[in-house]
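Only one structure is covered here, and it is reproduced in the block below.
Small disclaimer: the values here were computed from a predicted structure and weren't measured. In the text below, chain A, chain B and the rest are named by the order of the sequence lines, each starting its count at 1.
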2 protein chains.
Amino acid sequence: MEMDERKATILQAIIRNYLETGEPVGSRTISKYTDLNLSSATIRNEMADLEEMGYIIQPHTSAGRIPSDKGYRFYVDTMMEAKDREIEEMKKVLVERQDRLEDMLKGVVKLLARDTQYATLITSPSAGRNKLKFIQLSRIDEEHLLAVIVKEGNVIKNKVIEVPEPLSEETVLKLNLMLNTQLSGMTMDEISLGMITGLKAQAGAHSDVIAEVIDAVAEAISAGEDLKVYTSGTNNILKYPELSDNSERAGQLINTFEEKEGLEALVSTELSEDAGTGIQVYIGSENKVEGMEDCSVVTATYELGGGMKGTIGIVGPKRMDYDKVVGTLKSLRSGLDDLYKEKT
Amino acid sequence: MEMDERKATILQAIIRNYLETGEPVGSRTISKYTDLNLSSATIRNEMADLEEMGYIIQPHTSAGRIPSDKGYRFYVDTMMEAKDREIEEMKKVLVERQDRLEDMLKGVVKLLARDTQYATLITSPSAGRNKLKFIQLSRIDEEHLLAVIVKEGNVIKNKVIEVPEPLSEETVLKLNLMLNTQLSGMTMDEISLGMITGLKAQAGAHSDVIAEVIDAVAEAISAGEDLKVYTSGTNNILKYPELSDNSERAGQLINTFEEKEGLEALVSTELSEDAGTGIQVYIGSENKVEGMEDCSVVTATYELGGGMKGTIGIVGPKRMDYDKVVGTLKSLRSGLDDLYKEKT
DNA sequence: GTTAGCACTCATTCCCAAAGAGTGCTAACA
DNA sequence: TGTTAGCACTCTTTGGGAATGAGTGCTAAC
């Protein structure tokens, strides 16, 4: 059996209709819905074929058909067209350019949730290169030292270090100089054990301080730099009966969103061939997050320049409005691009 | 009509039972449940009285009674006894003393949610005194300056400032000195406009940098220092039909928790007479958060010493297990106390 | 003051019939 | 050979009682 044009049209019609209503769709509906001028009987024949081919499913005898994962996949792959939707509002928010990146991300994800009525998430951009720019030690008081670690892309990390006895201003200055001459411009890999031992030796009595600073540096530089995930619109999950009527599962989903557990998994798999659009669609069990088998996920990676990359994601039911979602994400990407360009 | 001992016993029995089952409770049940040895008919008489007095409500004729807000209030006020429950697990987590306060708070709130099966929240402790300890300016690169602002309690804020033209190391040192001699130890109120103008004049060509630093200082010092709220167990809301069967409302609740909107309101009202326990109970519409009229909220303030104060809250249905919740919060408070003492 | 008894009220449950949606198959048609 | 009309059949959904049962209020007796 082959997929011919008419079958494709019918499949498309079925999916479209199902996306709107969430109800199984019957042959009669399609007969009227499309402009093929075919009777319901003919449609029925075709539908039987489509079912045999695995694109649609009958929940029970004498119900209409609903798309299978394979059906959705076909739809997404072949029929999706980029609609440049207007999302003026979004751009406006982006352009307002909150000085705190964090707030901007929260704004974006919230707006996106309101616009699409799905659950959304965004990860903070991670600097691609992970180089140390400089370190600044300062005395806070007798017992505490503050280490400020600045990375490429002006990402900053603070750490308070307890010191057993007071250090003189002079000592602090010396340590500062030492650390910066040795470590500036280094990446994690380049900081060798030998170097660390050398530093400690130089520091003499204050080697324990150095050890703590090095720890902080390691923490700041490596460790996925605590990838932050912001979410919004979790409550939208309740709007789709197929996700919420099993309250066990709904609870698990909500929890996943609240605790952010496993969401990185959605976002970290860049492995697919996204054809340069930066947009990826996972249907049903195509995503590997536990409890999300009944959801579809659309993700887009964005760039803010300087190797700052992050991911935006939308999670909804399988009968998601793929057209709209993909369109929105595309505009959003370009919006973020513009933002960066304006800024430079 | 007066509240005598027997009425109180019956009311208590009704509430206890309702907390367990979530179903309206009838006279027959109470007759067997209590050790008063009264027949159901007598109980019915008493219940009629209690209803007249406003402590209980009949959802419809020929249903059992459920407690009214007033009934819960009576229960909470008079019958609650401190049970020192064992929460070894919690203490253990606390004692592990994660170096990052943030992680600790997240851990606590999560554990609390798992233990109680309600939705929970915690606010980051805010330093009571809001004094400036010192300011540190450093050059990041040609165009950027980093301002590190350290407050009492070693709370740190960073701000990257763009500068039109490069500043020499010397200038930065001078600005540093200037800022610190003038501003160290100040509170928000003490920094007058005159002082700011004076600083700007001293800075000469670099007065715009000073302006930005002052802005950052103001932001750091005032503005409730971005009170952070962490939540957990939002999905527990779905476990209580009286909250979740109206999916509109459930969605709103979940949204409130996700966006943290209005949760500050729960937490900021210290105005009540908490008799030194630091624990407060809001029943039904006693709390002022929109959409939370059907919930009860129990909050406890905790202290980490040095004027660092925060609030823990538990949100659940009105038929919350008040005994358990209050007990848990009490232990938790003392746990946090211990943690602080150990540390000093 | 307490209790037994009884009539009465409602929400809930269950069952069954009717309706309705949709299918698969067959036979007729162009 | 593809399309269509028609029909029997299958299942789900809906709606309406009837039965159930929990619980009350009231009255009369103890």
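- Comment: A/E20 does not engage A/R319 in a salt bridge, judged by the lack of any side-chain N to carboxylate O separation of less than 4.0 angstrom.
- Side-chain proximity of B/R44 to the nucleotides D/dC7, C/dC6, C/dA11 is greatest for C/dC6.
- The side chain of A/A41 lies closest to D/dT4, out of D/dT24, C/dT3, D/dT4.
- At whole-Å resolution of the value, CE in B/M47 and C1' in D/dT24 are 9 Å apart.
- What separates CD1 of B/I14 from P of D/dG23 is a distance of 12 Å, to the nearest Å.
- Shown here, D/dC9 forms a base pair with C/dG22; the pair counts as Watson-Crick or G-U wobble because both key distances fall under 3.5 Å.
- Taking atom NZ on A/K7 and atom C1' on D/dT3, their separation rounds to 14 Å, with Å as the unit.
- At the phosphate of C/dT3, neither OP1 nor OP2 sits under 4.0 Å from any side-chain N or O atom of B/R28.
- In this structure, the nucleotide among D/dT24, C/dT23, C/dG22 sitting nearest to the side chain of A/S27 is C/dT23.
- Between the CG atom of A/L36 and the P atom of D/dT4 there is a distance of 10 Å, rounded to whole Å.
- The distance from atom CD1 of B/I10 to atom P of C/dT2 is 9 Å, rounded to the nearest whole Å.
- Applying the 4.0 Å criterion to OP1 and OP2 of C/dT23, one finds that A/T61 has every side-chain N and O outside that range.
- Across all strands, A/T42 comes closer than 4.0 Å to base atoms (heavy-atom distances).
- Partner assigned to D/dA28 is C/dT3, using Watson-Crick or G-U wobble distances below 3.5 angstrom.
- Taking the centre of each ring, A/Y118 and A/Y240 come in below the 6.0 Å mark.
- Distances shown here put a side-chain N or O of A/S39 below 4.0 Å from the OP1 or OP2 atom of D/dT4.
- Checked options B/E261, B/K260, B/E259; the residue passing with B/L263 is B/K260 (criterion: side chain to side chain contact (heavy atoms under 4.5 Å, CB included)).
- Taking atom CD of residue B/E51 and atom P of nucleotide D/dT24, one finds them 10 Å apart after rounding to whole Å.
- Of the residues A/L36, A/N37, A/T42, the one that meets the side chain to side chain contact (heavy atoms under 4.5 Å, CB included) test with A/S39 is A/T42.
- Of the side-chain N and O atoms in B/R6, one or more sit less than 4.0 angstrom from OP1 or OP2 of C/dT2.
- Minimum atom distance to the side chain of A/N45 is reached by D/dT4, of the listed C/dG24, C/dT3, D/dT4.
- When atom types are taken as modelled, the side chain of A/S68 and the backbone of A/G54 share a donor-acceptor pair closer than 3.5 angstrom.
- Judged by distance alone with a 3.5 Å cut-off, a donor-acceptor contact links the side chain of A/S62 to the base of D/dT10.
- With distances taken from any side-chain atom of B/L38 to the nucleotides C/dT3, C/dT9, C/dA11, the minimum falls on C/dT3.
- The interatomic distance linking B/D49 (CG) with C/dG1 (C1') rounds to 13 Å, in whole Å.
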